[in-house]
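Numbering of ligands and ligand atoms starts at 1, following listing order.
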Amino acid sequence: MKADNLHVAIIMDGNGRWATERGLPRIAGHRAGVQSVRSVVEAAPQMGISVLTLYAFSEDNWSRPRREVMALFGLLRRYLMLEAKAAAGQGVRIQAIGRRDRLPASLSAALGEAEELTGHGTRLHLRIALDYSSRGALIDAARRLASPLTRESLSQALGPDVDLLIRTSGEQRLSDFLLWECAYAEFHFTARKWPEFGTQELSAALNEFRHRDRRFGGLALKLA
Ligand code: FPP
């Protein structure tokens, strides 16, 4: 059986090291990382992915040098401005998760425009985590809940459960990403750095995922 309508979440790690190894400035790694984002977003719907959540900037990333932070925001803004129209045409709905109030006005405007332009997309829900902290999101969601706090109401407020979590560059931790949503996620860690990650690696991760036996605490439920 082919598992479809998957929620795949990716911690895109290793851009800086990829660049440093090549004697390039760190931002060159982020720029190369945008190309990996493009490939993965384009391939995702044909691979059975209906929700793709990318960790683009964590709350903790504010501690990086201001130059790097601003360059990253510039890349993100450029990506949104260049891709939103094509995304709308391909049925990709773009949405940001995380805080908006601390982002530069130009980036938050680009996000708003991309969200509006792509709002009707149903082929792929692309969620970009920006100024994101899962602990922060949990507290916010719980505070904002109009209905009683239950597992269902909190899940509803936060977003869909993750099926497969991928992290590149050899690190094996969640770094405050989708803590609640990953309760039953499968994990795929690869030594490849994010700029080296493309459709082949995504396909390999999904193949491996489809052969895993997801039991959710019960007895065998074979996916492949
Ligand atoms: C982690 O690598 C990567 C980031 C903090 C930024 C990810 C952003 C992009 C790939 C660019 C734009 C994204 C979109 C959605 C268009 P790192 O810098 O921590 O690498 P290191 O651990 O080797 O230093």
Side-chain angles (χ1 to χ4, degrees), residues 8-44 49 51-88 90 92-100 102-104 106-115 117-118 121 124-134 165-178 189-199 201-202:
V8 173
I10 309 184
I11 303 179
M12 311 180 287
D13 201 2
N15 293 346
R17 276 164 286 164
W18 179 90
T20 308
E21 277 166 13
R22 286 161 179 76
L24 299 168
R26 292 176 52 81
I27 190 65
H30 297 312
R31 207 174 294 124
V34 176
Q35 202 41 55
S36 300
V37 170
R38 285 204 179 92
S39 325
V40 164
V41 169
E42 199 188 315
I49 299 172
V51 185
L52 178 65
T53 307
L54 301 177
Y55 207 0
F57 189 83
S58 73
E59 191 179 277
D60 298 321
N61 289 149
W62 285 111
S63 64
R64 295 189 178 204
R66 191 178 151 79
R67 258 185 76 204
E68 181 174 341
V69 171
M70 288 306 143
L72 249 175
F73 288 161
L75 282 178
L76 277 158
R77 183 170 155 261
R78 213 176 126 74
Y79 172 83
L80 292 166
M81 288 171 55
L82 291 174
E83 303 291 325
K85 211 168 157 199
Q90 290 155 7
V92 176
R93 173 183 162 211
I94 298 176
Q95 186 196 12
I97 58 169
R99 284 181 65 164
R100 303 277 174 113
R102 298 188 291 197
L103 298 177
S106 57
L107 177 56
S108 88
L111 278 171
E113 279 163 31
E115 287 176 333
L117 199 65
T118 64
L124 176 70
H125 185 181
L126 172 61
R127 307 193 316 159
I128 302 177
L130 259 179
D131 196 3
Y132 176 85
S133 151
S134 182
L165 182 284
I166 298 172
R167 183 167 189 155
T168 58
S169 90
E171 310 296 345
Q172 303 192 357
R173 54 180 174 271
L174 271 178
S175 301
D176 201 10
F177 189 46
L178 304 173
F189 298 113
T190 167
R192 283 195 180 239
K193 300 182 180 70
W194 179 247
E196 300 159 343
F197 192 95
T199 45
E201 289 69 32
L202 181 62

What pairs of residues pass the salt bridge (Lys or Arg N to Asp or Glu O under 4.0 Å) test when at least one of them lies in residues 74-86, not counting sequence neighbours?
Arg38-Glu83
Once you measure the plane-to-plane angle for Phe177 and Tyr55, does it fall in the parallel (<30°), tilted (30-60°) or perpendicular (>60°) bin?
parallel
Short N or O separations between ligand 1 and the protein, below 3.5 Å:
from: ligand 1; atom 1: 2 (O); to: Gly14; atom 2: N; distance (Å): 3.4
from: ligand 1; atom 1: 2 (O); to: Asn15; atom 2: N; distance (Å): 3.4
from: ligand 1; atom 1: 18 (O); to: Arg26; atom 2: NH2; distance (Å): 2.9
from: ligand 1; atom 1: 18 (O); to: Arg64; atom 2: NH1; distance (Å): 2.8
from: ligand 1; atom 1: 19 (O); to: Asp13; atom 2: OD1; distance (Å): 3.4
from: ligand 1; atom 1: 19 (O); to: Arg64; atom 2: NH2; distance (Å): 2.7
from: ligand 1; atom 1: 20 (O); to: Gly14; atom 2: N; distance (Å): 3.3
from: ligand 1; atom 1: 20 (O); to: Asn15; atom 2: N; distance (Å): 3.2
from: ligand 1; atom 1: 20 (O); to: Gly16; atom 2: N; distance (Å): 3.0
from: ligand 1; atom 1: 22 (O); to: Asp13; atom 2: OD1; distance (Å): 3.2
from: ligand 1; atom 1: 22 (O); to: Arg17; atom 2: NE; distance (Å): 3.4
from: ligand 1; atom 1: 22 (O); to: Arg17; atom 2: NH2; distance (Å): 2.9
from: ligand 1; atom 1: 23 (O); to: Gly16; atom 2: N; distance (Å): 3.4
from: ligand 1; atom 1: 23 (O); to: Arg17; atom 2: N; distance (Å): 2.7
from: ligand 1; atom 1: 23 (O); to: Arg17; atom 2: NE; distance (Å): 2.7
from: ligand 1; atom 1: 24 (O); to: Arg26; atom 2: NH1; distance (Å): 2.9
from: ligand 1; atom 1: 24 (O); to: Arg26; atom 2: NH2; distance (Å): 3.1

Can a donor-acceptor pair be found, under 3.5 Å and without considering hydrogens, that links the side chain of Trp18 to the backbone of Gly29?
no
Decide if atom CD of Glu115 counts as having more than 12 heavy atoms of other residues, nucleotides or ligands within a radius under 6.0 Å.
yes
Just wondering, more than 12 heavy atoms not from Arg67 lying within 6.0 Å of its CZ?
no
Within the distance-only criterion (no hydrogens, no angle test), does the side chain of Glu196 pair as donor or acceptor with the backbone N or O of Lys193 below 3.5 angstrom?
yes
